[in-house]
2 protein chains.
Amino acid sequence: MRSKITLKELAKILNVSVSTVSKSLNDSPEISPQTVKRVKELAQLHNYRPNPIAVNLKRSRTGNIAVIVPNISNTFFAKVLGGVENEARKQGFQVITYISNESLDHEQQITELISAGIVDGLLISVSEETQKLQDYEHLHLLMEYEIPVVLFDRINMDIGIDAVGVNDRGSIYEAVTFLHSQNLKKIALVCGLGEIGLGKQRIEGFTDACKDLGLSTDDKYILASKDIPEVKQKLNKLLVEDRVEAIIGLDYLSTLLASRVVQENNIRIPEDVKIIGYVNEDFASYLWPSISYVDQHPVEMGEQATAMLVKRIKEPSVKTPARVILNTEIRHLDSTRSK
Amino acid sequence: MRSKITLKELAKILNVSVSTVSKSLNDSPEISPQTVKRVKELAQLHNYRPNPIAVNLKRSRTGNIAVIVPNISNTFFAKVLGGVENEARKQGFQVITYISNESLDHEQQITELISAGIVDGLLISVSEETQKLQDYEHLHLLMEYEIPVVLFDRINMDIGIDAVGVNDRGSIYEAVTFLHSQNLKKIALVCGLGEIGLGKQRIEGFTDACKDLGLSTDDKYILASKDIPEVKQKLNKLLVEDRVEAIIGLDYLSTLLASRVVQENNIRIPEDVKIIGYVNEDFASYLWPSISYVDQHPVEMGEQATAMLVKRIKEPSVKTPARVILNTEIRHLDSTRSK
DNA sequence: CTGAAAGCGCTTACAG
DNA sequence: CTGAAAGCGCTTACAG
């Protein structure tokens with residue numbers, strides 16, 4: 001029940017001034033070793049902890065960083081959050097989490113809230129809506145208030161803000177190159193997504209890779225539509241009539257769909273068809289057969305973004321925006337094993 | 001670039017005292033309407049926001065609550081976090097997130113850290129290790145410091161702390177009852193988990209339900225082991241020889257495994273075999289066929305736990321621990337559709 | 001080596 | 001109706 005003891009109370013017990021106690025605990029060379037010892041012993045005894053609120057007020061910092069993720073149903077962002085946690089702890093910051101639910105409005109409310117001075121900096125992966133409307137004023141406003149901002153993952157825009165992401169074009173290029181190296185010629189791309197920008201980048205990368213490697217770039221190999229039954233039917237045809245040898249799934253649904261359709265046709269994975277998907281580690285490895293996936297290093301992304309933000313917080317003077325692009329890697333599970 | 005304006009500066013511009021400005025902004029009836037208007041207009045103009053750190057120091061509260069989740073790869077906890085977010089926002093609190101990684105040691109470090117006074121309260125789902133070793137001293141210590149604690153989800157221990165969870169026994173009882181109502185007699189339980197306590201509760205509930213409903217309680221229907229190949233083989237036998245009509249999967253892996261083995265035997269879901277799994281919504285609905293699942297209301301759990309914590313923070317006097325048990329519900333997807 | 005004082009940015013009893 | 005003062009719990013230049 002002992003309520004927290006304060007500097008003042010310690011000082012009173014020891015019959016010294018508050019300044020002396022404060023300095024002793026902060027190992028100031030001004031204070032005699034004996035006094036330091038006495039003070040520290042008593043502090044230990046009472047389990048004294050400086051009130052962080054008071055310390056922060058004095059230092060005019062908060063010790064917090066905010067992170068806004070667009071959604072949390074996706075384990076990708078959960079993992080990024082884990083990385084943010086790691087690095088923040090190391091650097092002595094607490095992480096305050098917000099979820100924008102893919103809404104610009106919500107995002108603006110959050111930035112408005114934190115502009116009051118709750119945090120020393122912000123990590124954000126902008127919402128779909130924000131990205132679509134290209135409205136980044138709330139972020140610039142924050143920076144005007146001298147609260148540094150670092151973008152992560154969704155960074156396909158040029159708005160002069162620090163950013164950490166992955167090389168989306170490169171990642172699929174690598175996937176195609178790998179499949180090609182396995183002597184696979186007919187590679188299909190399946191995508192059930194819409195707007196998000198990443199889709200486009202990946203499709204471009206796919207086409208480029210096919211061109212460069214001398215593979216067919218026939219449109220029929222690219223199944224991109226939100227109409228799942230249609231995609232399914234077309235994929236079916238590709239498998240049976242065209243004897244497609246590999247499939248790249250750009251998202252959860254299409255990867256799962258691909259695995260499914262292949263098996264319905266009694267085609268073997270990976271012997272007859274190989275699959276690589278843009279899915280998360282957990283998901284990929286839980287499936288049977290497990291699906292080889294593109295590792296986008298979410299944890300590292302969170303760590304790097306946090307490190308970048310902390311650097312900004314500590315050196316607010318630097319002006320040119322930084323940009324870190326992580327290289328993705330293919331993690332091979334059942335669906336790409338060699339025969 | 002305008003750095004944050006303070007009360008003092010506003011006062012100076014207006015040629016009034018700091019007190020007057022503060023009172024005006026807080027709509028104190030002491031101040032004349034004219035003055036209030038003048039002050040508010042200037043504040044608006046300069047986009048004044050009170051420094052939350054200073055306000056909190058004055059009020060000796062932090063405005064933060066901490067939440068410790070054991071892991072983040074599980075979307076269940078991600079969803080709970082979403083619920084915590086919702087409710088915390090409503091109540092005017094910020095959420096500081098920590099991840100214990102299922103480690104007691106890590107958990108203790110976190111509670112040690114927040115005992116300094118970073119937060120007004122703590123929400124925690126204890127780590128596996130904590131549960132196994134039954135070491136809850138760090139939580140009691142926190143409460144001695146008058147930082148209220150509320151447990152969520154993993155609450156199968158009686159340690160006199162507020163808690164919000166689900167009725168684990170009841171949930172499986174309901175599942176068995178449903179399957180029984182569909183005229184299914186042979187129901188198998190598959191479990192690939194170990195220690196976690198929940199497993200036991202569910203298995204008990206299963207046995208009880210079978211007894212009550214006059215279904216066989218033969219041990220062969222309960223496949224609980226970490227040895228997945230063994231489980232697979234036994235399940236196979238149950239399906240082919242015993243013609244099991246329904247399967248309940250207690251976790252990700254076993255649910256997926258069940259779905260898989262059934263299909264490998266060219267048995268139809270849901271026509272020949274129905275499946276209910278303890279998996280999350282996203283996962284369940286992404287699969288083909290989609291798997292009916294037990295909804296454990298993670299979002300509501302987060303909301304309720306937060307509401308309970310806030311209540312504790314506001315009324316620290318109340319002593320008897322509260323306990324909220326949410327009723328789970330079966331969400332029917334493909335795998336339990338009627339013929 | 002120690003302490004009194006000012007101050008971080010606010011709120012609020014109290015006096016006028 | 002307004003303002004001076006004290007105080008939340010700390011740190012740190014400054015004086016002694």
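Throughout, a chain's letter reflects where its sequence line sits, starting with A, and its residues are numbered from 1.
Within the nucleic acid shown, A:Ser32 comes within 4.0 Å of sugar-phosphate atoms alone, with no base atom in reach, counting heavy atoms only. Counting non-hydrogen atoms under 4.0 angstrom, B:Thr6 reaches the backbone sugars and phosphates but no base. Using a 4.0 Å heavy-atom criterion, one finds that A:Thr35 contacts the sugar-phosphate atoms exclusively. If you check every strand for non-hydrogen atoms under 4.0 Å, A:Ser19 touches a base. Across all strands, A:Asn26 comes closer than 4.0 Å only to sugar-phosphate atoms, never to a base (heavy-atom distances). Backbone-only contact: A:Pro33 has heavy atoms under 4.0 Å from sugar-phosphate atoms and none from a base. Nucleic acid contact class of A:Val18 (heavy atoms, under 4.0 Å, all strands): base.
For A:Ala54 and A:Arg59, each mapped to the nucleotide of DNA chain D holding its nearest heavy atom, the one lying further toward the 5' end belongs to A:Ala54.
Judged by the 6.0 Å distance and 45° axis criteria, A:Arg61 is positioned over the aromatic ring of A:Phe93. Geometric assessment of A:Arg89 against the ring of B:Tyr98 yields a negative cation-pi assignment under the 6.0 Å and 45° thresholds.
The base of C:dG7 lies close enough to the side chain of A:Lys58 for a donor and an acceptor atom to sit less than 3.5 Å apart.
Here B:Tyr48 reaches the OP1 or OP2 of C:dC10: one of its side-chain N or O atoms lies under 4.0 Å away. Between A:Ser22 and D:dT11 there is a side-chain N or O to OP1 or OP2 distance below 4.0 Å. Put simply, A:Thr20 has a side-chain N or O that comes within less than 4.0 Å of OP1 or OP2 on C:dG3.
Here the side chain of B:Ser24 pairs a donor or acceptor atom with the backbone of B:Thr20 at under 3.5 angstrom.
Under 3.5 Å, the side chains of A:Asn56 and A:Thr62 contain no donor-acceptor pair of N or O atoms. Side-chain atoms of B:Ser100 and B:Ser103 form no donor-acceptor pair, as typed in the model, at a separation below 3.5 Å.
Atoms CD1 (B:Ile31) and C1' (C:dG16) sit 14 Å apart, rounded to a whole Å. Between the CG atom of B:Asp27 and the P atom of D:dC1 there is a distance of 14 Å, given to the nearest Å. At whole-Å resolution of the value, CG in B:Leu10 and P in C:dT11 are 12 Å apart. At whole-Å resolution of the value, CG in B:Leu25 and P in C:dT11 are 8 Å apart. What separates CG of A:Leu57 from P of C:dC10 is a distance of 9 Å, to the nearest Å. When the P atom of D:dC8 is taken as reference, atom CG of B:Asn51 falls 18 Å away, rounded to whole Å. Atoms NE2 (A:His46) and P (D:dG9) sit 16 Å apart, rounded to a whole Å. Atom pair A:Lys8:NZ and D:dG9:C1' shows a separation of 9 Å (rounding to whole Å applied).
For C:dA4, there is no paired base (Watson-Crick or G-U wobble, both distances below 3.5 Å). Across all strands shown, C:dA13 has no partner, as no Watson-Crick or G-U wobble contact with both distances under 3.5 Å is found.
Nucleotides C:dG7 and D:dA4 place their P atoms 16 Å apart, quoted to the nearest Å. Comparing the P positions of C:dC1 and D:dC10 gives an interatomic distance of 25 Å, to the nearest angstrom.
Of the options A:Glu112, A:Gln108, A:Glu107, a side-chain hydrogen bond (donor to acceptor under 3.5 Å, both in side chains) to A:His138 is made by A:Glu107 and by none of the others.
Comparing C:dC10, C:dG3, D:dG3 by their nearest atom to the side chain of A:Ser17 picks out C:dG3. Here the nucleotide nearest the side chain of B:Lys23, chosen from D:dT2, C:dC1, C:dC10, is D:dT2.
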